[in-house]
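Below is one structure, written out as structure tokens, with a few remarks after it.
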Amino acid sequence: NVIGLGVDSTTVVPNSAGITIATSGISDTIQRNLIAFNTGPALEITFNNSDDNIISENSIYSNLSGIEFAAGAQNDITIPVLNSLMLSGSDTILEGTSAPNARIEIFCDSADQGQAYIGTTTANGSGAWTFNVNGLLRNGDGLDSLTATQDSLGTTSAFSLPILKQITLQAPDIVCA
């Protein structure tokens with residue numbers, strides 16, 4: 001689905017919100033959508049007892065905000081934390097923390113949403129995780145930050161705070177796609 005853009009995927013046709021879950025939706029899956037240029041959030045859950053909704057592999061960018069939940073919605077899941085982006089030998093490693101054993105989705109964006117889904121990793125039993133971004137990033141591609149969401153026990157979080165790609169990337173032909 002394309003939301004906030006015309007059928008050509010380039011003409012801007014904004015909505016006040018891209019997707020709204022306003023009832024006690026439980027176990028809905030919102031996956032592989034393009035949600036952009038909305039004048040409100042890309043996705044909002046406004047009902048406080050709407051839980052266990054999975055939001056996965058979407059392209060979300062240039063909305064007023066990314067993913068928002070009413071207090072109590074999505075089991076009050078917290079956002080993952082992006083701790084560092086560093087060079088380790090020839091690898092470029094993103095490190096973070098989340099709920100134990102959570103599934104982490106990594107995104108590139110020009111700000112604080114998730115324009116390009118780049119991959120998934122899993123946190124260990126204490127919530128620590130790493131993701132090797134080699135071959136997935138390039139300085140100067142206009143997507144200057146990385147964000148993440150976490151899925152813990154079938155409930156997806158909002159986007160993390162972004163971490164900027166401020167290191168010098170040394171791997172050849174690194175692209176955020």
Side-chain angles (χ1 to χ4, degrees), residues 18-19 29-37 41-45 51-69 73-177:
I19 296 174
T29 299
I30 300 163
Q31 187 172 28
R32 296 187 186 115
N33 298 286
L34 190 160
I35 309 168
F37 300 105
L43 187 143
E44 64 182 351
I45 298 177
D51 297 318
D52 304 324
N53 298 292
I54 296 173
I55 304 161
S56 180
E57 299 177 22
N58 294 287
S59 175
I60 296 174
Y61 63 97
S62 298
N63 300 283
L64 180 64
S65 58
I67 302 170
E68 294 183 359
F69 307 131
Q74 288 294 82
N75 299 309
D76 283 327
I77 190 170
T78 59
I79 60 173
V81 175
L82 306 183
N83 296 324
S84 65
L85 180 64
M86 63 184 176
L87 291 173
S88 177
S90 63
D91 294 327
T92 305
I93 306 296
L94 177 63
E95 293 184 337
T97 53
S98 65
N101 306 307
R103 179 180 184 270
I104 309 300
E105 290 190 356
I106 312 298
F107 300 86
C108 283
D109 195 74
S110 60
D112 60 358
Q113 296 175 33
Q115 182 170 350
Y117 165 74
I118 60 171
T120 301
T121 190
T122 302
N124 66 21
S126 56
W129 55 268
T130 62
F131 183 77
N132 189 337
V133 297
N134 275 4
L136 303 172
L137 305 177
R138 176 180 44 216
N139 285 331
D141 62 4
L143 302 176
D144 297 327
S145 64
L146 297 171
T147 60
T149 59
Q150 70 171 324
D151 183 339
S152 179
L153 304 173
T155 297
T156 305
S157 72
F159 288 111
S160 67
L161 296 175
I163 190 168
L164 296 178
K165 298 183 324 190
Q166 293 179 335
I167 64 172
T168 302
L169 300 174
Q170 297 175 347
D173 199 26
I174 298 175
V175 176
C176 184

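Predicted model, so just to flag it, every value in this text is computed and none were measured.
Looking at every heavy atom in both residues, I118 comes nearest to F131 through O-CZ, 3.9 Å. Across every non-hydrogen atom of I79 and A158, the tightest pair is CG2-O, 3.5 Å. The shortest heavy-atom contact between D52 and L153 is OD1-O, 4.0 Å. Annotation for A42 and I60: closest pair CB-CG2, 3.3 Å, computed over non-hydrogen atoms. For the pair A99 and Q150, the tightest heavy-atom approach, listed with the atom from each and the gap, is N-OE1, 2.8 Å. Considering all non-hydrogen atoms of both residues, I67 and S157 come closest at CD1-O, 4.1 Å.
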### Task
Kindly determine whether N53 and I30 satisfy side-chain contact (heavy atoms from CB on, under 4.5 Å), including the steps that lead there.
CA-CA 8 Å; N53 298 292; I30 300 163; 5.7 Å; no
### Query
Which is it for I77 and S152 under the side-chain contact (heavy atoms from CB on, under 4.5 Å) test, yes or no, and what are the steps along the way?
CA-CA 8 Å; I77 190 170; S152 179; 4.0 Å; yes
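Rounding to the nearest 0.5 angstrom, the gap separating the CZ atom in F107 from the CD atom in E57 is 8.0 Å. To the nearest 0.5 angstrom, N83 atom CG is 4.5 Å from T97 atom OG1. I163 CD1 to S145 OG: the interatomic distance, rounded to the nearest 0.5 Å, is 10.0 Å. Once rounded to the nearest 0.5 Å, the distance linking CG of L43 with CD of Q113 reads 11.0 Å. In this structure, the separation between CH2 on W129 and OG1 on T122 is 11.0 Å, given to the nearest 0.5 Å. Residue Q74 holds its CD atom at 5.5 Å from CD1 of I55, rounded to the nearest 0.5 Å.
Remark: E44 engages no residue in a salt bridge (charged side-chain N to carboxylate O under 4.0 Å, His left out) (not counting sequence neighbours). In this structure, Q31 has no side-chain hydrogen bond (donor to acceptor under 3.5 Å, both in side chains) partners at least two apart in sequence or on a different chain. Scanning for salt bridge (charged side-chain N to carboxylate O under 4.0 Å, His left out) contacts around E95 gives an empty result, with sequence neighbours left out. Legend: residues meeting side-chain hydrogen bond (donor to acceptor under 3.5 Å, both in side chains) with S88, ordered by chain and number and at least two apart, are absent. For A148, the side-chain contact (heavy atoms from CB on, under 4.5 Å) criterion is met by P80, L82, I104, I106, S160, not counting sequence neighbours. Applying the side-chain contact (heavy atoms from CB on, under 4.5 Å) rule to D91 yields the partners I93, N132, N134; only residues at least two apart in sequence or on another chain are considered.
Looking only at atom types and distance, the side chain of S110 has no donor-acceptor partner in the side chain of Q115 under 3.5 Å away. Between the side chains of T147 and D109, no donor-acceptor pair of N or O atoms lies under 3.5 Å.
Counting only heavy atoms from C-beta outward, the side chains of T92 and L85 approach each other to under 4.5 Å. Between T120 and R103 the shortest side-chain heavy-atom distance falls below 4.5 Å. Within the 4.5 Å cutoff, the side chain of L146 has heavy atoms near those of the C108 side chain.
A donor-acceptor pair under 3.5 Å is formed between the side chain of T121 and the backbone N or O of T130. A distance-only check finds a donor-acceptor pair linking the side chain of N58 to the backbone of N33 [under 3.5 Å]. The backbone N or O of N75 lies less than 3.5 Å from a partner atom in the side chain of D51, making a donor-acceptor pair.
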